[in-house]
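Some notes on the structure that comes next.
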2 protein chains.
Amino acid sequence: MALEHAILVSLLEKPGSGYELARRFERSIGYFWTATHQQIYRVLKRMVSDGWIDVREVAQQGRPDKKEYSVAAPGREVLSRWLHEPVEPESIRHDLAVKIRGAAFDDPAALIREVERHHRVHADRLAHYLAGEQRDFTGPGAAGTLDAGQELQHVVLRGGIAYERMTLAWLDDVLATLRRIAAGRSTPHQ
Amino acid sequence: MALEHAILVSLLEKPGSGYELARRFERSIGYFWTATHQQIYRVLKRMVSDGWIDVREVAQQGRPDKKEYSVAAPGREVLSRWLHEPVEPESIRHDLAVKIRGAAFDDPAALIREVERHHRVHADRLAHYLAGEQRDFTGPGAAGTLDAGQELQHVVLRGGIAYERMTLAWLDDVLATLRRIAAGRSTPHQ
DNA sequence: CTTGCCTATGAAACGAGTTGCATAGAGGAT
DNA sequence: ATCCTCTATGCAACTCGTTTCATAGGCAAG
């Protein structure tokens with residue numbers, strides 16, 4: 001579906017190898033789109049044979065050679081066409097929410113540690129985003145010197161930050177609810 | 001994966017047919033887990049043959065007969081085991097975020113209408129959630145009389161509400177950014 | 001009385017995503 | 001020397017999810 005488009009955007013931002021793309025998908029891009037290296041290698045191959053991207057063998061020293069991919073004219077056109085099509089508003093797949101509702105038929109208290117674990121993961125992600133924002137989008141002159149691409153990267157990052165903050169607040173709410181239930185009184189919140 | 005578990009939870013909350021499950025997945029459950037009727041029918045079949053759930057033919061008048069599914073003992077055990085395992089913290093697939101970063105290489109202004117459309121969709125979802133909260137979790141009976149299951153359903157719903165509010169605020173941020181760029185304060189990449 | 005919509009179920013084909021395995025060069029640690 | 005880790009690429013098998021099509025009864029509108 002749209003993995004191709006995510007790769008095109010990433011390669012336009014900076015050409016790179018499949019391995020490098022896989023690492024980007026673990027970092028900045030991976031915050032709103034995940035992909036394994038298997039998927040990436042397979043799709044890259046197809047995109048080359050479709051003429052969307054070009055390959056270039058790059059010899060390296062101290063490490064294996066790599067294939068550097070960059071966007072070709074047809075790929076740019078494909079991306080442009082996609083950008084002008086509507087996409088479905090996202091829908092989430094939230095295992096933890098299923099578990100929370102399922103806990104009603106098991107032991108709600110047993111979920112507390114799991115929710116705390118998720119809380120830590122999201123706190124780490126938030127810290128990571130904030131460090132990235134600090135590094136890339138603050139400092140003297142940042143406000144006036146950003147080009148459109150940087151502005152757009154920043155607004156996506158702000159989305160990630162907002163998402164993590166919202167999630168942390170909700171997980172606090174979940175924990176309070178679970179503890180209230182575990183304490184034996186399913187009494188009202190607030 | 002976890003579609004089985006989501007179905008088990010839904011059937012524990014209330015037994016029902018594949019068709020009814022599909023409609024629930026468009027409504028309350030579908031806010032954090034999506035599934036088409038095809039997926040549901042296929043998985044139900046497998047779950048029956050694995051002994052996780054029972055079927056019962058129910059004749060209806062004024063409409064076709066249906067098969068009502070309910071959770072059997074082994075299904076309850078499967079769910080219980082899953083509830084005690086850790087799950088991966090969720091990761092999102094956000095096409096719109098890809099588009100926003102991609103817009104740097106095309107026409108950012110052309111995205112405005114698309115973002116406005118997403119804004120309307122999320123505003124509708126929020127209104128829907130708030131109506132559901134009003135209906136199910138407020139009023140004279142609500143305070144103090146909620147059992148654990150209802151409390152847990154409510155905290156999941158509060159998560160949906162928080163998510164939609166956060167998303168709406170972010171989309172406002174995105175719109176402001178796109179308009180600033182379109183007004184010429186930044187120039188697109190070559 | 002035909003067209004369209006809602007309930008209700010399902011097959012078949014395809015495309016997307018995951019998991020496990022395999023290879024290979026270079027570096028550092030024991 | 002051997003093991004582990006990191007870079008770098010890829011195949012094969014499998015599961016999951018989507019799309020398309022098909023069937024069938026009942027209801028309401030025109």
Side-chain angles (χ1 to χ4, degrees), chain A residues 1-8 11 15-27 29-30 32-50 53 55-69 82 87-95 98, chain B residues 1-8 11 15-27 29-30 32-50 53 55-69 82 87-95 98:
Chain A
M1 258 316 168
L3 176 57
E4 284 91 334
H5 304 119
I7 288 177
L8 286 171
L11 289 179
S17 68
Y19 188 82
E20 284 161 355
L21 282 170
R23 301 200 64 214
R24 289 184 211 171
F25 274 82
E26 280 169 13
R27 302 186 72 260
I29 301 169
F32 52 88
W33 201 275
T34 59
T36 62
H37 76 276
Q38 296 304 336
Q39 250 182 296
I40 291 167
Y41 282 125
R42 203 189 316 143
V43 170
L44 281 173
K45 207 169 188 181
R46 189 172 61 226
M47 289 169 80
V48 169
S49 77
D50 289 348
I53 55 177
V55 211
R56 194 170 64 93
E57 282 275 346
V58 176
Q60 300 185 111
Q61 35 184 328
R63 48 176 67 181
D65 297 352
K66 67 173 180 179
K67 299 181 181 176
E68 195 181 79
Y69 297 92
W82 178 70
V87 289
E88 279 297 295
E90 83 288 348
S91 47
I92 37 180
R93 280 285 170 97
H94 215 307
D95 300 69
V98 178
Chain B
M1 266 305 174
L3 176 56
E4 284 90 335
H5 304 119
I7 287 176
L8 286 172
L11 289 179
S17 67
Y19 188 82
E20 284 161 356
L21 281 171
R23 301 199 64 214
R24 289 184 212 171
F25 274 82
E26 281 169 11
R27 303 185 72 262
I29 301 169
F32 52 87
W33 201 275
T34 59
T36 62
H37 78 275
Q38 295 304 336
Q39 250 182 296
I40 291 167
Y41 283 125
R42 204 193 312 147
V43 171
L44 281 174
K45 208 171 189 179
R46 187 172 63 227
M47 290 169 80
V48 169
S49 77
D50 289 348
I53 55 177
V55 211
R56 192 171 65 92
E57 283 275 345
V58 176
Q60 299 186 112
Q61 35 183 329
R63 46 176 69 182
D65 297 353
K66 67 173 180 179
K67 298 181 181 174
E68 196 181 77
Y69 297 91
W82 178 70
V87 290
E88 279 297 296
E90 83 289 348
S91 48
I92 37 179
R93 280 286 170 97
H94 215 308
D95 300 70
V98 178

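Chain identifiers are assigned alphabetically (A, B, ...) following the order of the sequence lines, protein sequences preceding nucleic acid strands; residue numbering begins at 1 within each chain. For clarity, every value in this text was computed on a predicted model and none was experimentally measured.
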Should B/Gln38 be listed as having a side-chain N or O under 4.0 Å from OP1 or OP2 of D/dG17?
no

To the nearest Å, how far apart are B/Glu68 CD and C/dT7 C1'?
15 Å

Atom pair distance, as rounded to whole Å: CG in B/Leu3 and P in D/dG17
6 Å

Measuring from A/Glu90:CD to B/Asp95:CG, what's the distance to the nearest 0.5 Å?
8.5 Å

Quickly work out the B/His37 NE2 to D/dT20 C1' distance and round it to whole Å.
10 Å

Between atom CD in B/Glu4 and atom P in D/dT15, what is the gap in whole Å?
12 Å

How long is the line joining CG of A/Asp95 and P of C/dT18, in whole Å?
12 Å

C/dT7 phosphate, OP1 or OP2: any side-chain N/O from B/Tyr19 under 4.0 angstrom?
yes

Rounded to the nearest 0.5 Å, what separation is found between the CD atom of B/Glu68 and the CD1 atom of B/Ile53?
11.5 Å

For B/Glu4, run the salt bridge (charged side-chain N to carboxylate O under 4.0 Å, His left out) check against B/Lys45, B/Arg42, B/Arg46 and tell me which one passes.
B/Arg46

Rounded distance in Å - CD (B/Gln39) to P (C/dG15)
18 Å

Would you please confirm or rule out a distance under 4.0 Å between OP1 or OP2 of D/dT9 and any side-chain N or O of A/Arg42?
no

When the distance from CZ of B/Phe25 to P of C/dA8 is rounded to whole Å, what number comes out?
17 Å

For A/Lys67 and D/dG10, is the shortest distance between a side-chain N/O and OP1 or OP2 below 4.0 Å?
yes

Interatomic distance, A/Tyr41 atom OH to A/Thr36 atom OG1 [nearest 0.5 angstrom]
10.5 Å

Starting at the 5' end of DNA chain D, which residue's closest nucleotide do you reach first, A/Arg23 or B/Gln61?
A/Arg23

Roughly how many Å is it from CG in B/Leu21 to C1' in C/dT7, rounded to a whole number?
14 Å

Taking only side-chain N and O atoms of B/Thr36, does any of them lie within less than 4.0 angstrom of OP1 or OP2 on D/dT19?
no

Looking only at heavy atoms, what is the nearest atom pair of A/Ala22 and A/Ile40, with distance?
CA-CD1, 3.5 Å

When you measure from the side-chain N and O atoms of B/Ser17 to the phosphate of C/dT9, is any distance below 4.0 Å, counting only OP1 and OP2?
yes

Short side-chain N/O contact to C/dG10 OP1/OP2 from B/Tyr41, under 4.0 Å:
no

Are any of B/Arg63's side-chain N or O atoms less than 4.0 Å away from OP1 or OP2 of D/dG26?
no

